[in-house]
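First up is the structure itself, then whatever we jot down about it.
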Amino acid sequence: MSFLRDKWVSVLNHFHRRVVDGLINCHLRALGLFYKERPIPLKYWQFFYWPVAILSGCSDPLFPNEDRLRTSGTSLSIRPLKELLRHDILGTWSLDADTITFLWQAIRKDRPKIIIECGAGVSTLVIAKGLADNRFRTKNFASLLSLEQDVRVKEAVEKRLEACGLKQFVTILHAPISKRGDYQFDANQLREHLGSQEVDWLIIDGPAGPEGCRVSTLPFLARFCRPGARWFLDDAFRDGELKLLNHWDSIPGIEVEGIYPIGKGLGAGIVNDPEQFEGIHDMERRAIVVG
């Protein structure tokens, strides 16, 4: 009897979660149609979070089920990416198909010349392909600087870039992390690679670590940006990233525009005043940011 009861409880819990996921998904699609290409303000997500949390009864209530996001690269509607990622599984540890499509279209529209990315992988290939495509259309050189904490991932992505003829657009730096999950590198190392160039885009999908480990990433990298540079944060529907966005929203010089209702949630904003962050040194940046 105990076995049957536990089994029914498990089935009911699974069914309940599927229903909640379905309702959230329908709501997100409606929001996407209403807001179109604009991110939805953070205040809306703060309001929306609590009823969903009560209904779901679990942590990360806005974060989608991986099964819903998991697709093959062949499912992409963009032909160059469909061919590039034909052997990749999207939506688990990597970016999902909707976020990849969004970033591809945004790169073609904004034509950023210098991008810093946190976390190498599928996103590195997508961004490099987008920069290469823009170069052929505008004949202006553009480059991506990717920060990766795992040496094996770094080497694997470099091999794929070389095989795809995209290595010239990307530099991947090994960026080890501390026990708290902070990137361990200094500003001089990045200055050496960037020279006098200012960053147009920041894409934050790392580091991978304990909740809150990305809190210092944007404030530390903001100094390298031009005023008005755009930034994006993947996994924005996780509880930890929602808290992080609320914190960044309180920091002068950073603007949080909101979250795009796609994939795992794509946070977005602008670096308004990079000079605000020039005084944050490596060893003290977390203390300053967390305050």
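Residues Val215 and Arg180 are not in side-chain contact: their nearest non-hydrogen atoms beyond the backbone lie 4.5 Å or more apart. Between Ile116 and Ile203 there is no side-chain heavy-atom pair separated by less than 4.5 Å. Looking at Leu218 and Phe277, their side chains never come closer than 4.5 Å, going by heavy atoms from C-beta outward. Under the 4.5 Å side-chain criterion, counting only non-hydrogen atoms from C-beta, Thr217 is in contact with Tyr183. Using a 4.5 Å heavy-atom threshold, the side chains of Lys154 and Glu158 count as touching.
Considering only residues two or more places apart in sequence or on other chains, Glu162 meets the side-chain contact (heavy atoms from CB on, under 4.5 Å) condition with Lys167. For Arg70, the side-chain contact (heavy atoms from CB on, under 4.5 Å) partners are Glu66, Asp67, Ile89, Thr92, not counting sequence neighbours. Residues meeting the side-chain contact (heavy atoms from CB on, under 4.5 Å) test with Lys243, sequence neighbours left out: Glu211. By the ring pair (Phe, Tyr, Trp, His ring centres under 6.0 Å) test, Trp104 is found to be paired with no residue, residues two or more places apart in sequence or in another chain being considered. Under the side-chain contact (heavy atoms from CB on, under 4.5 Å) criterion, Asp98 pairs with Asp96, Ile262, not counting sequence neighbours. For Lys264, there are no side-chain hydrogen bond (donor to acceptor under 3.5 Å, both in side chains) partners, not counting sequence neighbours. Remark: Thr171 engages no residue in a side-chain hydrogen bond (donor to acceptor under 3.5 Å, both in side chains) (not counting sequence neighbours). Applying the salt bridge (charged side-chain N to carboxylate O under 4.0 Å, His left out) rule to Asp205 yields the partners Arg214; only residues at least two apart in sequence or on another chain are considered. Shown here are the side-chain hydrogen bond (donor to acceptor under 3.5 Å, both in side chains) partners of Glu257, two or more places apart in sequence or in another chain: there are none. Considering only residues two or more places apart in sequence or on other chains, Glu117 meets the side-chain hydrogen bond (donor to acceptor under 3.5 Å, both in side chains) condition with Ser123, Thr124, Ser146.
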Q: Could you please spell out the steps behind the side-chain contact (heavy atoms from CB on, under 4.5 Å) verdict for Leu233 and Leu244?
A: CA-CA 10 Å; Leu233 173 72; Leu244 186 153; 4.0 Å; yes
Q) When you look at Arg238 and Glu241, which way does the salt bridge (charged side-chain N to carboxylate O under 4.0 Å, His left out) test go after all the steps? A) CA-CA 5 Å; Arg238 282 197 306 217; Glu241 269 64 21; 3.1 Å; yes
Q: I would like to know whether Phe232 and Ile204 meet side-chain contact (heavy atoms from CB on, under 4.5 Å); could you show each step before the answer?
A: CA-CA 6 Å; Phe232 300 96; Ile204 303 169; over 6 Å; no
(Q) Checking Leu103 against Leu95 for the side-chain contact (heavy atoms from CB on, under 4.5 Å) test, could you report, in this order, the C-alpha distance in whole Å, the side-chain angles of both residues, the deciding distance, and whether it holds? (A) CA-CA 10 Å; Leu103 291 175; Leu95 294 180; 3.8 Å; yes
Q: Let me see the working for Asp88 and Ser94 under side-chain contact (heavy atoms from CB on, under 4.5 Å), right down to the final yes or no.
A: CA-CA 9 Å; Asp88 291 283; Ser94 66; over 6 Å; no
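With hydrogens and angles disregarded, a donor-acceptor distance shorter than 3.5 Å links the side chain of Ser178 to the backbone of Asp182. Checking side-chain atoms of Gln197 against main-chain N and O of Leu194 turns up a donor-acceptor pair under 3.5 Å. At least one donor-acceptor pair closer than 3.5 Å links the side chain of His174 to the backbone N or O of Gln149. A donor-acceptor pair under 3.5 Å links the side-chain atoms of Asp200 to the main chain of Ile114, judged by distance alone. No side-chain donor-acceptor contact under 3.5 Å links Asp110 to the backbone of Pro112. Judged by distance alone, the side chain of Trp231 and the main-chain N or O of Trp201 form no donor-acceptor pair under 3.5 Å.
Summarising the geometry, atom NE2 belonging to His87 is positioned 8.5 Å from atom CZ belonging to Arg160; distances are rounded to the nearest 0.5 Å. From Arg230, atom CZ reaches atom SG of Cys225 across 13.0 Å, with rounding to the nearest 0.5 Å. Here CZ of Phe224 is found 6.5 Å from CG of Leu221. Values are rounded to the nearest 0.5 Å. Rounded to the nearest 0.5 Å, atoms NZ (Lys113) and CG (Leu144) are 15.5 Å apart.
Legend: salt bridge (charged side-chain N to carboxylate O under 4.0 Å, His left out) pairs involving residues 72-84, not counting sequence neighbours, sorted by first then second residue: Glu83-Arg86.
Each of Leu81, Ile127, Ile100, Val157 was checked for a side chain to side chain contact (heavy atoms under 4.5 Å, CB included) with Val122, and the lone residue meeting it is Ile100.
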Do any side-chain atoms of residues 46-53 form donor-acceptor pairs under 3.5 angstrom with protein atoms, and if so which ones, sequence neighbours left out?
residue : atom : partner : partner atom : Å
Gln46   : NE2  : Asn246  : OD1          : 2.4
Tyr49   : OH   : Asp239  : OD1          : 3.1
Tyr49   : OH   : Asp239  : OD2          : 3.1

